[in-house]
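All chains are named by letter (A, B, ...) in the order of the sequence lines, taking the proteins before the strands, and each is independently numbered beginning at 1.
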Amino acid sequence: MAVKPTTLDAYQLIHDGVLCLGRAEQVGIRVDVQYCEQKKEFLTKKIERSERLLKETEFMRDWRRKYGASFNMHSNQQLEDILYNVMGLKAAKETTSGAGSTDEDTLGQLGIPELDSLIQVRKLKKIRDTYIDAFLREQVNGILHPFFNLHTTKTYRSSSNSPNFQNIPKRDKEAMKICRRALKPRPGNQLLEVDFSGLEVSIAACYHKDKTMMKYLTSDHSDMHSDLAEQLFIIPDFDKVKYPEHKHLRNASKNGFIFPQFYGDYYGNNAVSLAVQWAKLGQGAWGPGQGVAMPGGLTIGDHFLSKGIRHFDQFVQHVKAIEEDFWGKRFWEYQKWKERWLAQYQKAGYFDLKTGFRCTGVMRKNEVINYAVQGAAFHCLLWSFIQVDRIITERKMQSRLIGQIHDALIVDVVPEELDELGFIIRKVTCVDLAKHWKWIIVPLDVEADICEVDAPWSEKHGHKLPEVV
DNA sequence: GGAACTCGCCAC
DNA sequence: AAACGTGGCGAGTTCC
């Protein structure tokens with residue numbers, strides 16, 4: 001594509017995308033029905049056992065005394081009433097409508113053992129009702145056909161439903177194993193997942209062209225997340241390879257500061273997340289011997305004291321200063337782009353994505369910034385999906401694209417075709433894509449995971465794709 | 001008995 | 001001055 005993508009180009013992308021996502025829907029993904037039925041029964045028994053034990057507790061008896069026949073331990077409305085009216089406890093957080101929150105985090109802070117059990121039951125019910133049950137309900141002759149929609153989102157991303165193929169548990173190990181064990185390749189095949197690494201960060205860079213960011217994205221020796229971890233946790237000899245503790249803090253920097261900042265969050269929330277979730281330093285428990293371990297046997301609480309950060313409030317100010325440095329100095333060109341982008345929208349009433357799509361309507365600042373990036377990033381995946389689908393068809397290969405998760409494509413692969421297909425996907429995503437769209441000015445990279453023949457999706461492991469020379 | 005709502009929670 | 005983007009979906013609830 002020689003010139004800037006037009007509305008017609010955008011239309012063509014959706015047109016082609018709908019056709020090949022439709023093909024993926026038709027192929028579907030194999031589900032182990034017998035496993036799901038067994039697991040459903042197992043989970044039900046486990047849930048019922050926990051519920052029986054819980055019902056006998058004093059906490060639940062008091063609850064039942066008030067609600068009688070309508071007592072339901074899974075009603076958050078009743079729970080809110082019991083905790084914050086009857087017992088007079090103070091909620092750490094409120095919902096958007098002003099009620100005391102009953103989410104996992106808030107309940108955990110109350111230190112009531114029965115609530116910990118209730119959270120455990122909630123997790124099991126989530127797995128059973130949202131995933132295993134949905135798989136059984138939606139499957140036809142042992143095949144699921146998740147829908148992939150291109151017409152439902154404000155950002156021109158996709159969505160998926162019946163069942164939603166894009167939110168199957170991954171991070172929680174237990175939930176991941178139970179749910180993904182149900183999904184398998186067709187007999188004799190393997191499931192292959194290929195995802196772009198840091199796609200949204202790279203696509204954002206194509207808009208703002210910040211020099212510091214460009215350097216991070218093109219150099220093998222610089223690492224943005226380590227650099228920020230060094231700053232946030234005041235560790236001059238930061239070494240994520242040498243110390244597992246530092247690797248943890250790098251994840252903290254990435255998920256507790258950098259990504260939220262890119263989405264428009266601010267230091268106040270970052271400080272809470274970094275301290276409580278990542279450093280394990282409760283806002284009231286800041287001090288010697290507190291928090292996650294550091295190399296050498298001391299804790300991060302000891303470490304912060306030695307660096308002069310003695311209270312949570314001081315840490316907030318510390319993170320505030322880092323935020324100012326982050327946008328004011330380190331990524332100042334990124335910051336300037338955000339300001340220009342917003343001003344352009346406020347003047348024109350719309351903005352155009354790199355891929356030819358136009359966003360109109362009333363939007364908040366963060367939405368104006370984020371939509372442009374999210375949409376164009378997904379279109380990189382969609383274009384790749386279309387090309388791979390076309391090549392598979394042209395070459396009369398038997399492997400099949402079966403789904404997509406925003407920056408990842410999932411293929412049901414015939415083992416004999418794995419190398420050829422790996423090469424095709426690598427070439428499409430890392431070479432052809434940037435030739436098609438000249439606005440892609442940073443190198444894109446992909447990572448892959450694969451399951452052995454006939455093994456379920458829970459057993460995927462890293463897979464090296466062939467290099468394109 | 002269904003529509004529409006809130007809340008919580010899973011993914012990127 | 002304010003303060004995290006996009007989705008789908010289940011359970012509970014309320015309203016009609």
Side-chain angles (χ1 to χ4, degrees), chain A residues 67 70-81 93-107 118-119 121-135 137-138 146-172 174-176 178-180 193 195-201 203-204 255-273 316 319-320 323 327 359 363-378 381 403-410:
Chain A
Y67 280 89
S70 65
F71 164 80
N72 178 351
M73 70 168 79
H74 303 297
S75 162
N76 290 329
Q77 196 172 287
Q78 291 181 20
L79 180 56
E80 194 252 349
D81 180 42
K93 192 166 61 179
E94 289 183 351
T95 66
T96 40
S97 69
S101 172
T102 56
D103 67 10
E104 178 179 356
D105 190 47
T106 311
L107 295 188
L118 193 63
I119 291 166
V121 180
R122 249 191 211 171
K123 286 186 192 295
L124 295 177
K125 279 171 67 73
K126 173 85 179 173
I127 294 169
R128 183 192 64 179
D129 300 338
T130 306
Y131 300 104
I132 301 298
D133 232 13
F135 293 165
R137 186 182 66 241
E138 299 293 342
F147 290 90
F148 295 98
N149 317 297
L150 294 177
H151 64 287
T152 63
T153 71
K154 296 190 281 185
T155 57
Y156 300 107
R157 260 193 182 182
S158 65
S159 70
S160 170
N161 66 293
S162 305
N164 184 347
F165 190 64
Q166 298 178 321
N167 75 344
I168 299 167
K170 184 174 193 177
R171 291 169 199 145
D172 182 309
E174 190 198 354
M176 184 281 281
I178 296 174
C179 297
R180 297 190 175 215
E193 178 170 355
D195 66 308
F196 283 99
S197 13
L199 184 61
E200 286 191 5
V201 174
I203 296 312
N255 299 310
F257 183 82
I258 293 182
F259 282 165
Q261 282 285 339
F262 286 163
Y263 282 132
D265 203 2
Y266 87 117
Y267 67 89
N269 289 336
N270 301 155
V272 174
S273 157
V316 175
V319 180
K320 183 180 184 210
E323 181 189 280
W327 292 112
C359 289
M363 286 173 264
R364 289 179 292 266
K365 182 170 88 180
N366 287 343
E367 293 172 325
V368 173
I369 308 295
N370 289 329
Y371 291 5
V373 175
Q374 286 189 355
F378 169 66
L381 186 279
Q404 149 280 126
I405 312 178
H406 306 304
D407 70 348
L409 40 91
I410 292 88

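Residues Asp172(A) and Ala175(A) approach most closely at OD1-N, 3.0 Å, considering heavy atoms. The shortest heavy-atom contact between Ile178(A) and Ile127(A) is CG2-CG2, 3.7 Å. Across Gln404(A) and Phe148(A), no two heavy atoms sit closer than the pair O-CE2, 3.4 Å.
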Quiz item: Can you list the steps and then say if Tyr263(A) with Asn370(A) is a side-chain contact (heavy atoms from CB on, under 4.5 Å)?
Solution: CA-CA 7 Å; Tyr263(A) 282 132; Asn370(A) 289 329; 3.9 Å; yes
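When the nearest nucleotides of DNA chain C are assigned to Glu323(A) and Ser160(A) by heavy-atom distance, the more 5′-ward of the two goes with Glu323(A).
Counting any heavy atom pair closer than 4.0 Å across all strands shown, Gly268(A) reaches no nucleic acid atom. Backbone-only contact: Tyr371(A) has heavy atoms under 4.0 Å from sugar-phosphate atoms and none from a base. Residue contacts for Gln261(A): at a heavy-atom cut-off of 4.0 Å it reaches no nucleic acid atom on any strand shown. Residue Asp195(A) is classed as having no contact, given no heavy-atom separation below 4.0 Å to the nucleic acid. Residue Arg364(A) is classed as having no contact, given no heavy-atom separation below 4.0 Å to the nucleic acid.
Ionic pairing of Glu174(A) and Lys126(A) is not present here: no N-O contact between side-chain nitrogen and carboxylate oxygen is shorter than 4.0 angstrom. At a threshold of 4.0 Å, the pair Glu104(A)-Lys123(A) counts as salt-bridged, since one of the basic side-chain nitrogens sits closer than that to a carboxylate oxygen.
Using a 4.5 Å heavy-atom cutoff, the side chains of Glu367(A) and Lys154(A) are in contact.
Nucleotides of DNA chain C lying under 4.0 Å from heavy atoms of chain A occupy a range whose first and last members, 5' to 3', are dA3(C) to dT14(C).
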Quiz item: Could you write nucleotides 6-12 of chain B as a row of B, S and -, 5' to 3', where a protein heavy atom under 4.0 Å of any base atom gives B, of only sugar-phosphate atoms gives S, and otherwise -?
Solution: SSBBBSB
